[in-house]
Every structure is written in structure tokens, then in C-alpha cells.
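Some notes on the structure that comes next.
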Amino acid sequence: MPVFWIIAIMLALAVTGFAMGRAKALRSVGGDRRLLHSLPFYAGALIAMASFIPALIMLVLLLALQASSLLLAGATILAALVGFAISLRLISQDFRARNAVEAGVRALLIAAASVAILTTVGIVLSLIFNTIEFFGLYPASNFFLGMNWTPSFGGGSDLGILPLIWGTLYISFIALLVAVPIGLYAAVYLSEYASHPVRSIVKPLLEVLAGIPTIVYGLFALLTVGPFLMSIFGPNGPTAAIAENGWMHAGTAVMTAGLVMGIMLIPFVSSLSDDIINAVPQSLRDGSYGLGATKSETIKQVILPAALPGIVGAILLAASRAIGETMIVVLGAGAAARLSLNPFDAMTTVTAKIVSQLTGDADFASPEALVAFALAMTLFVITLCLNIFALWIVRKYREQYE
Amino acid sequence: MNDMTLTERAVNATENKITARNVQVYYGENHAIKDVDVDILDKTVTAFIGPSGCGKSTFLRCLNRMNDTIDICRVTGEILLDNEDIYDRRVDPVQLRAKVGMVFQKPNPFPKSIYDNVAYGPKIHGLTRNRAELDETVEASLRKAALWNEVKDRLTAPGTGLSGGQQQRLCIARAIATSPEVLLMDEPCSALDPIATAQVEELIDELRTNYSVVIVTHSMQQAARVSQKTAFFHLGHLVEYGDTDKIFTNPTDPRTESYITGRIG
Amino acid sequence: MSDATHSAPQKPAARSLHQLDTRTKRRNASETRFKVMGIAAISVGLAFLVLLLTTIILNGASAFQQTFINVPVYLDPAKIDKKGNRDPADLKKATTFTYAPLIQKGLLEVVEKAGLETDLSKAKELKNLISASAAAQVRDQVLADPALIGQTVDFKILASSRVDGYLKGRVHRDEIAKDKNINVAQLDLTDALLKAGVVHKGFNWNFIFGSDASDSRAEQAGLGVSMLGSFYMMLVVLVLALPIGVAASIYLEEFAAKNRFTDLIEVNISNLAAVPSIVFGILGLAVFISSPICRNPPHWSVVWC
């Protein structure tokens, strides 16, 4: 029986159950609802829940296990009927239907909250299994310590992660170099100096930058920023006089991706910091002004230290965005994995290589494709550490000043 | 608490420190202070009393131009500090506030160490030439605020870790450290317990030897205990101003009498 | 307290408030510098926003305009309906290869009638002006209404992407030497046709509602199907994330006791928000390649009908 009809039957049972439960509760006291422990509504709701939810769980489980159509329909409807019958039997004058319904709702809410944990477990498990499989084909030491990244789908590739990590960190560093000063100064100006009308216009405008899809930033890097940087640092620009051929050899480079990513991160830093600075109590400002401090002295010596944990949190959040950013580096940073200090060289990142390894034609069981899982695992661990570090700083700071 | 003994010092200086004439304060459309004239003496504790919303705190904040930080606030009239108009265009509030310090209702130590809290003012105003002088200033200020003995072993501990009374005395030490000439206190004891209040009151009385102190208070007993001059504000008017003894024993205005006998307020 | 001799350095002799001392001047200058930095930061941010939006708009705006050619096409029965019975099944046998010459011929007639000077005298040489999709457009219309056969019908036909690009300034005369898809004579003719009003620009509705197109007829590309995909994606995400998210937050805020389990959930949720999206993509892929239902999905009709 098709799933659609199974669900329809479950719904019909639930609705019938609601009506019957309500009626039975009322009947048990001869229509005098004052004698009931719980309002008749709860008796109905209990039966509706008891017949629908276990059946729904059964349905999803069996679908995932690809049970046969007959088993699927039979088991699901049986579950619905059992839940229906048991709960209907329970209804009586003194039955605490309200408590039962509330316990049920609570269980549902806990389940929803636990989805986050399930997702994390899912990510970790799927990454671990595939990473182990990869390390069976390619030695882990070569992966973590290798200085070369030259995958060839014919086999015999060098899959060292170091050039990718270097590229990731270099690009993120440049992005933060752009975003943190601009974002912080903007936040300070908006929260401490700007008049209300200016603030109410500028803040949303800056936040528009955060709402632009990253692929658009990627195009911006590719079509505008890359050629612009080329015209200055390229073979025909002024730097050609210093270094032969200029510093930059292609529009895609660490600088291109880093700059554009920095622009994207400005509102992350500024919006969060602005909220945090606003949360610093006015009494601290008054205290500082009352001692004859100027506004900038108050900001630098009182407000920013007080807001520091939040600001560090905002910057770390921006950092983890930068490390995980994909589309900008795919389009703006180039594809060559290399260990170089020149910010005008093309480099590539962990994320960009995950994409290219999985979108290639490689067989899924080959190390060239499985390496993507090991890369993703590394990325996950890095962002996890960053997050835990951020929480730790915030907590430590709070303990100190509370 | 009335029988608390304070070493009453003779009022030995009678020169005017602050002279206010015809002061009006507006918050947008709201006329908060009306025609206030007052002379605040040097080396004297002056108390501002009155029911909530009478304008006493607003007037206090005019004396070091703290109202400047509120956009909609407008002050007219004349306030002279040592015969210089503090609302003159040439006056920088930053310089003014170094001379007229302020202590607030709620203790508000900065999220810094005890030492840095006190050193904050001297540092920004450049009052000391080297670290040794700064150490000296910090110690002297903490001693004056009667806090030195309690904190001398933990100067690097955060100021926010102190108790409420200690925090308020730290704020007073912080204000003293810039060597002001006038100290404004906006209900400095309202967040403190009776023992801490007694300590701060004793401190205020000692501060009188060096500074002109203006204190806003809700508690008439406190005004009677610590001040030599008292001003009674009501609905934005300065109703009566005179020697504290006279205000509390023999007020001339019926409104003052009603307030101190507890009929209004 | 008599020991508290205030031994702080003697304050300089009382100075008038009406004179700024040098230190205050310096502090005010630093204040101004700080403020200027703030304004500069905001200006830079807003300048980036303006730059980004202008580039997007300048690069993208021309997509909303498309070049069309008005061509009266004689739907020759001898070519389209060789059997002469107007039977739809037989009409379908005439492919787009049958229609393309008819359109080119129609265009050549337009050129001749208008008396335009051109070196191109054969219908085939006009092929590059017309979109490769034109034949399909005409064929579809004929199949929908066989009665049109034998008449001369006015069609509004898409110009090729080279012609479109030339009129939008994307294709330049001096760069087409090696381009097999257009030559200078064809561009000259385009100019002449534009003057004659045969070639004109119109709003590109197909861009908004159409579907993706192959590289060989870029002029036909549209976003409609992609937007529908994005919309479905949004819907699925909303249906999944909204109830679960709201329920989770209700639980955490209203019910949950402060214990390790709650802490774990909260750390988890904040961590999930920071996990790079590519890792979620990997999770999707891992589920996709490992779970039986996804490797061998049931036909949708089994599920819903």
C-alpha cells in the first residue's frame, strides 16, 4: 500500500481516537465534566498522540530499512491500532490524561532538541568510517605530513594536506586582516558615535553584505577583484619594476580570495560586536566620562575590555566561517596547491579540494575520492577546536569579572 | 542611626566654589530644572534632598556637564566654577570633569584590576611622571577612601570582585585619584547596606578637609549626618537652601517642612 | 587618617578652564583621529557594498534584455508536410533541420525587400544571425496548429548569442577574426537590420521563466527551473528546520534543567552552526552513497499514489 494511504489511515485513526477518547471521558462521569481529573480534550489528545506517533516512528524506520510494501503497511497500521486501543482502555474518570499528554509533549521536545546531537554523531560517524577506509589505502602519516598535493586519478598521487592547510590559513588570515579592523571600528562607531538615524540606516546596509550568497562573492572575486589586482601587481603593473614579471601571475590568488572573503566577513564582526558593545552597561561609560575620559579613551580602556569575550567570540566565529568558506576560494583562489609566502600566488584550500575531489570522475572507492572525507574530518576538527576555544575564553573571562 | 557620632569638623572655609544663577534644564519639551540659584562652598558638604523626580540628580549632573552625553538635554543659565563659566564655549568637559569628579549611585568599577581602576584617571590626565609616582597616587587615594588596608595585598585582583561597599569606596578612590576640587556624589549609599553606608559617610566627612563635596541623597538622616549645607528641591525648583541645622529644625518654607516631617515625598 | 598625607605630585597651579592645555589638545586630536577611523571603516564597508552591487548590476542587467528578429516565415507544405495529409504523426517526422532553411529564407527575403546592401546572398549565410532554438520554436507552433502550413506567418525569433552580444557591446568587431560563429559581414547586416527595425531588443521573459540551455544556444538560457529548485529547497529546509528548531528552543528555554545533557545539546547546537557547509554536504553524500533507500530509491509513484 502506498505511503500516502498509510498516512491517511493513521490520520483518520488519530481523529477518530480524539473524538472517541473525548466521548469516553465524558461518558465515564455521565456528562458532568467537573468530576473528571483532566479536561476531556486531554483524553482525546492522548489517544490521537498514542495512535499517530508510534506508527509514524515505525513507518520511518521501516522505510529506511526498505521493508516490503506489505510489511510496511501492516506493521505501521498495527502500531497505530495498538496505541489506539491501549490508550482508549486507560481513559476513566480518574485517569490523569493531562499529565500523560504533557509527558508526551515533553518527550517530543526532547527528541527535537536531541536532533542536534544526532546530526553531530551522524557527521562524525560518516566521516570516521570513510576516513578509516581512506587511511587503509593511503598512509595517514603521508596525508598529515605530506608537503605535496598532486592527485592523479590514474593512481600514484601525492595527497599531503599541508599545502591545503597552509592555503586555508593564509586566506583566512588575510580575510580577518580585512574584516576585523574594519568591522570593529565600524561597530564602535555605530554603537558609540553614530546618531540614531545614521545607525538605523547604516547597520542594515552593512548587514546586506552578510546576506549576499557566497557564490556572488566568488563571481565578484573572479570578474572584478582579480583583474583589478592584476592591473596593479601583475606583469604590466608598477610592481613589475621590482620583481620580474610582477608579483601576480593570474587573477586568482590568495589576495583575491582573502580580500573578498574579508568583505563578506565585515558584517559578521561588526554586527555581533555592535550588539555586544551595546550590552556593556551605561554605568561603566558614565563612570569613565565622570573621571574626565574622552569618548575614545572610554572605548579603548573600558568598553572594549568589558566587551572582549564577546568580541573574541565574534572574531572566532568569523574565523571559522573563513576556514569553512568554499565558493569564494573555488572561484577566487585558484586550484594549485602550493606552499608559498607570496600572497599573490594562487593557492587552494581544504574546502576547494573537497569539492574538486568529489566532483571528479574518480571511483568512490579510490583514495583520490576518499581523501575528501579525510579533508572534511580535518576541517570539522579544526572548527570544533576553534569553537571550544572560543567558549573556553568566554567562560574564563566571565569567571574573572563576575 | 541618628545617634551615630561623626567627628564634626568646623566649617573653616566659606568661599564660594560653585555659583549657579538662573539655571534652567530642559529634556526635550520637559522643563526639568527651573530658575535654580545656588552657591556651593569650598570644603563643605552640601546635600541635595527632595522627593524622587524633583531634579536634584539632574542639577548635580549639570555641575560637571554629564548631561552633555544626553542628546535631548539643554542647559541655560550660568554655572561658575571658581568664577569661570563651565558652559562657556571654550571649556572642554574633559578638563572640567578632571576638576569636578563624580561618584554614582551604583558602584561601577571598571573590568580592570583594583590598581588599574584607581590609576585610570591619573593615567588619562597624565598626572604622574613615572610608575613610582603612580603607585604613590594609587596608594594615597586608596588610603583616603579607607580601602587600602583591605586591598593592599590584592591590588591586581579585579575590582568587580569586591563587596558592594568596597566597590563604592573603590569608585570614590578612583574619583579622588585625579585630585579633583569638587566631588559630586549621586546617592552613593543607596545600593549599600548600613555598615557600608556608615563607612562611606565617615569617608565623606573626611573628604571635606580637601574637597567641596556635593551629595544627592534620598535619606534625610544621611543629609543631616554628613552635610553642613542642605538644598531642598521640589518639582524642579530649589525651594530652600541653607545651613543643614536650620533646614532640619526650623525651615522657612512650608513645603520643606512637609517634606522633612514626611508629609510629601 | 592623618597619615594619609597626599604626597601625589603637586598639581600644576590652577589653570583656567577657559584655556585648553596641551595635553587636552593632544587627547582631543586623538579622539578626532579615532572617530575618523570609525567613519573610514564604515565608508569602506559601504563602498564595498556599492562596488559589489554595481558590478553585479552592470554585469547582469543586460541579461534582462534580449535581441529578437522579426521574420515572416513561409511554412512551405512541400517541405513540412510531404504527404499533404496534415496528420500530426507525419508532421512530427519533419525535424528542425527542415525548418531552419525556411527561417533563413524568410530572413533573406526581408533583407532583399528592405534593399539592404550586403555581401551575403545565400540564405545559409544568414544562419549565424538566428538562434539555434528558432527552428524548434517554429516547429512547435506548427505542430500545435497544423492549419498554419501553407501560410506566411510572422515569427519573433531569438537572435543568436553573438548578435545579441554584439548589440550589447560584449562582442567586438576586432576580436572575431577566429570566431566561426559570426563574421564581419553578418555584423554589418545586423547593424542594417537594426536600423530597419527588423532586429530589435525586448524584455527577456524567457530569462526569468525559462529553463537552462546548452552552450550552443546560450541566448535561450533562463533561470525559471533553477529558481523553482531553490524554492523547493527552501520549502524543505523550512518544513524540517522550523518545527524542530522551535521545539528544541522551547525545550531548552522552558523545560530543560541545567545539567550536563542540556549543556551538551547547547554546545552541539552552537557547534553545528559553525560547521562549514561543505561538511554537511559530505554528510549528505555519505548518506547518499551508503544507505540502501538512496542507492536504490523507490519510484515516487510507489510512495504517493
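Residue numbers start from 1 in every chain, and the chains themselves are labelled A, B, ... in the order their sequence lines are given, proteins ahead of strands.
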- prompt: Which bit of A/Leu223 comes within less than 4.5 Å of chain C, counting heavy atoms only: side chain, backbone, both or neither?
  reply: side chain
- prompt: A/Ile212 versus chain C, heavy atoms under 4.5 Å apart: side chain, backbone, both or neither?
  reply: side chain
query: Side chain, backbone, both or neither: which part of C/Leu52 has an atom under 4.5 Å from a heavy atom of chain A?
result: both
- prompt: For C/Leu272, is it the side chain, the backbone, both or neither that has a heavy atom under 4.5 Å from a heavy atom of chain A?
  reply: side chain
message: Distance alone, cut at 3.5 Å: any donor-acceptor contact between the side chains of C/Asn259 and C/Thr262?
response: yes
- prompt: Looking only at heavy atoms, which two atoms of C/Glu219 and C/Ser131 are closest? And how far apart?
  reply: OE2-OG, 2.6 Å
- prompt: A/Thr326 versus chain C, heavy atoms under 4.5 Å apart: side chain, backbone, both or neither?
  reply: side chain
statement: Closest heavy-atom pair, C/His172 versus C/Ile176, reported as atoms and distance to 0.1 Å, is O-CG2, 3.3 Å
- line: Assert top hit (heavy-atom pairs under 4.5 Å, partner chain C, pool A/Gly183, A/Gly324, A/Ala113) equals A/Ala113
query: Which of these passes side-chain hydrogen bond (donor to acceptor under 3.5 Å, both in side chains) with A/Ser296: C/Lys35, C/Arg33, C/Glu31?
result: C/Glu31
message: Taking the basic N atoms (NZ, or NE/NH1/NH2) and the acidic carboxylate oxygens, is any pair closer than 4.0 Å for A/Glu297 and C/Arg27?
response: yes
query: Does any heavy atom of chain C fall under 4.5 Å from the side chain of A/Leu127, the backbone, both, or neither of them?
result: side chain
query: Highest number of heavy-atom pairs under 4.5 Å with chain A: which of C/Ile56, C/Thr55, C/Ile269?
result: C/Thr55
- prompt: In terms of the angle between their ring planes, are C/Phe203 and C/Trp205 parallel, tilted or perpendicular, with boundaries placed at 30° and 60°?
  reply: perpendicular
task: Below 4.5 Å from any heavy atom of chain C, which atoms of A/Ile382 appear? Answer side chain, backbone, both or neither.
output: neither
Segment of A/Ile266 engaging chain C (4.5 angstrom heavy-atom cut-off): side chain
